[in-house]
Amino acid sequence: MGDEKFDYQAVPIPSYAEATGQPSSSRSDLGDGTDVERQGLLGRDHASTRGYHPPTVESARSSLDDLESLTSHSNRESVEELRRELDQMDVDDSASASLTGRHAPLRQRFSKQLSSLSRTLSAIQRPFQRYMPNFRFRFTINLGDTRARLKDQGCIMLLRVFALLLVVTLVYVFFIADVFNINSRMSMGQSYSAASVENFIQGHINETNIAENLRRITNYTHVAGTEGGFALSQLIEQEFEKAGFDEVSREEFQVYLNYPRKDGRRVAIIDPPSLAWEAKLEEDNAKDLVFHGHSKSGNVTGHLVYANFGSREDFKLLADKGISLNGSIALVRYYGTESNRALKVKAAHMAGAAGCIIYSDPAQDGFVQGPVFPDGRYMPSDGVQRGDVSIVSEIIGDVLSPGWASTPGEKHRLSPEDNPALPKIPSLPLAWRDAQVLLQGLKGHGSKVPQEWVGGVPKVEEWWTGDQGSPVVHLMNLQDEVERQPIYNIHGRIIGMDERDKKIIVGNHRDSWCTGGVDPGSGTATLLEVVRAFGELLTYGWRPLRTIEFVSWDGEEYNLIGSTEYVEKEIDDLRANAFAYLNVDVAVSGPDFGVSASPVFERAVMQAMGRVSDPYANATLKDLWDQKGSKITPLGAGSDYVAFQDIAGTSSINFGFFGGPFPSHSCYETYDWMVKFADPDFQYSKALAQFWGLLLLDLSESPMLPFDLEVYGDSIGGWVKDLDEFAKSKKAEVDMQPMFKAAIEMKTNAVTFESWTKTWHETVWGMGGYESNVMAVQRVNHNVRMAAFDTNLLDLEEGGGIPNRTQFRHVIFGPELWSSSDVSLFPAIRDSINTGNWTLTQYWIDRVANIIHQASDKLLH
């Protein structure tokens, strides 16, 4: 307790040397063959014209006029008319979609310009040196040589005049006109193109390295705050340092965590004696103890009641049948109509239960789906899904310090008692092998369940609800609770050469509930390969336009702690300077590529997908995406992007290859499982790393930030129509006109705003890739406005954010009270509709609409 480190150790943990001393792939030898590769990477680029021509004076003037005016719209009284107007606004994105190429940065610091100019003059002078006499200033009285000396001096003076004129011309071009070619960039005297850098990253991703990374990080368990977690943080830190980043740092937070006691957990039938029985709890291959993160300590007994998936509707059905849950032990299964385990426990408590058991039913993730491990990908009979039961829709991060970073010595702390994010009753996870006995014991008690409540557990002849006459179950969950347990984020930074304060943040969490082969091991192994490739690129003198910050988060499995505490610590800087956050949690669990993101990423995602091939199909990821009709989905609240998007307002994205269920959060989620059933040759991991690297290059290197606000405008319009339908389904007596008007204005302003993006492309590429100082200043300002749009959608005024959950500030993204990690849009409005308070709902409709109006207005002013 207190500040002491709690040494929880389920299996032997390697020493630092053992954890980090395994052979791993390092950057390529820079000896043999390097010159050839360097020429390929740094060779001077001859860019194509890309079809652009210099704009006419009239078109340029027209574009500027467009930026000075706002398109007005009539003040309609009918929501239906507004809906029709929104439907009719068919914005053509084809022109902007063709302008998605990424180009190298434009301007160097003055010192770099001067150094480059000096090298250029030296290179110009060198071919003429043999024709120029070695002239020294001497005084001589040899009159016979005077005529020859004067002649030599005359030649030298002419050459000096010529050189002076050349210098003046170059100074004018480079400093006064300030025009630079964006096709290639000088660094350390070498020129390289954007395309060559992309080819380098894509070609230097190695699947063998990813496999070796995963093997190393799954050698031992690494629950947050344990010795295994600390050992893994040292390995990550070592890999960041090996990459040669400009800065590598370790960030400590002291947070509230809990750990199981081996003899402190029990699930047993204690009455009637004829049914006496005790659950095994642990898996057969036990490497770690079974428990729920942030669960409540307790020692309770009660009659057993089966409540299907544990949703509020399920508990209501039991109440309608007259089945009392007061003082009961509720048995519920994972997944289904209530997907969040924390909300299952909360619903059980609200229904009157004294404890909750959550089991893995084979109908959802076991043999009913297909062969189980080791013969197939699904959960075996003894497999147990661990996980946290803190309520992410109430508080994210350290549940004792919402709004403040839990740095050492931080005094703002809540008490665990009566904390809105912590459960009020004890809970434990269970394998269906153990749940089978409990379900069999319910026969004849209560009433038979509806057909949709019947699970896949075998040898349960009849499924009954249970009642007060059911077998009595003893549920014990006594644990160690540490209010200030150290966890560590590891940061590695590549400082941008131009916009060094502006940054792209790349993150993946490393803590897991056991060895974490899939979640998050597949993501961590892939991140380390991306880190290695970018580190190797640095050895050639490359440097991005904007700063890149790689981060390995700790404590994600306990309520997204590491990333949230970082955001709360750096909130002002992130709102001012973070352009984007790229998150990977599970990198590969199946063959289907998926993306959830702020809509601004649409253009960049499509371009990166178009460059990466599916490893087993003769098509790119983009081809398959289009064939399946896939779409980028909105962000939910299930991983480390939440604090960035919902608190800092940093445009965020999450992506990976996904598939069917797997033995999630169990000790069967191993390296072997990945090799057998998810990614045998690590080709999907390789493709993901390539996509990740290309997307990162686009965001950190493109002079014009590749965001698409027209897509954002279209998305808001569609989401407002969905919100209107939801309100109608609830018979809400509210006026949605403010939301429709705000959506229409956003779409109109986005089109006007993006027109300057097209003007920039046409102007710069029409001039052969050269950009003037005036255009560069306008571009930088344009980028800042693009990046600030999500930030401007934060409700930062007094009382802002989601009602009673003001940690969440984004008016579009954020968890509903009862959606938790699921996707939700306009959560403040939806929560108000669910209360049935139409006055409150109208208040939030007007408030959210006004914030969208202000954010879209800031695009043009």
Side-chain angles (χ1 to χ4, degrees), residues 41-64 67 95-96 98-121 123-124 165-198 496-499 502 541-546 607 697-698 700-706 754-784 786:
L41 173 64
L42 305 180
R44 189 170 297 278
D45 178 49
H46 299 283
S48 66
T49 60
R50 302 175 188 259
Y52 296 109
H53 304 283
T56 64
V57 174
E58 289 76 16
S59 65
R61 182 180 296 115
S62 174
S63 296
L64 291 173
L67 288 173
S96 61
S98 67
L99 305 177
T100 58
R102 184 178 59 79
H103 314 295
L106 312 184
R107 298 175 294 120
Q108 309 294 317
R109 299 273 186 256
F110 179 85
S111 60
K112 293 182 181 290
Q113 293 173 340
L114 187 59
S115 175
S116 178
L117 178 60
S118 175
R119 289 191 296 268
T120 303
L121 291 177
I124 293 173
L165 290 174
L166 181 60
V167 169
V168 170
T169 300
L170 291 173
V171 167
Y172 172 78
V173 170
F174 284 94
F175 298 106
I176 299 176
D178 197 15
V179 176
F180 294 94
N181 193 319
I182 71 171
N183 290 325
S184 61
R185 173 150 55 86
M186 296 294 295
S187 180
M188 299 178 66
Q190 309 241 25
S191 173
Y192 50 84
S193 69
S196 63
V197 175
E198 291 172 337
M497 65 180 301
D498 191 16
E499 298 179 85
K502 306 303 180 185
W542 171 87
R543 188 164 291 279
L545 172 65
R546 304 174 186 98
Q607 177 168 312
L697 281 176
D698 203 5
S700 65
E701 278 275 72
S702 293
M704 180 67 71
L705 189 65
E754 291 288 356
S755 68
W756 192 87
T757 302
K758 298 166 188 173
T759 299
W760 181 86
H761 280 283
E762 291 171 358
T763 302
V764 171
W765 294 113
M767 294 176 62
Y770 289 89
E771 182 189 56
S772 69
N773 183 60
V774 172
M775 187 67 78
V777 170
Q778 291 177 318
R779 173 181 54 78
V780 170
N781 178 264
H782 194 74
N783 284 342
V784 170
M786 270 197 286

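The chain is numbered in sequence order, starting from 1.
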- Query: What heavy-atom pair brings Asn783 and Arg546 nearest, and what distance separates the two atoms?
  - Reply: ND2-NH2, 3.4 Å
- What is the distance from atom CG of Leu705 to atom CD of Glu499, rounded to the nearest 0.5 Å? 8.5 Å
- Query: Which atom names give the shortest non-hydrogen contact between Trp756 and Met704, and what distance separates them?
  - Reply: CZ3-CE, 3.4 Å
- Report yes if the side chains of Glu701 and Trp542 come closer than 4.5 Å at any heavy-atom pair, otherwise no. yes
- Query: Where the side chain of Ser193 meets the backbone of Ser196, is there a donor-acceptor pair that is under 3.5 Å apart?
  - Reply: yes
- Message: Measuring from atom CD of Gln778 to atom CG of Asn781, what distance do you get when rounded to the nearest 0.5 angstrom?
- Response: 8.5 Å
- Interatomic distance, Met786 atom CE to Arg779 atom CZ [nearest 0.5 angstrom]: 9.5 Å
- Note on the structure: Heavy-atom closest pair (Glu198 atom, Leu697 atom, distance to 0.1 Å) is CA-CD1, 3.8 Å
- Is it true that His782 and Trp760 have ring centroids separated by less than 6.0 Å? no
- Task: Look up atom OG1 in Thr757 and atom CD in Glu762, then write down how far apart they are to the nearest 0.5 Å.
- Result: 11.0 Å
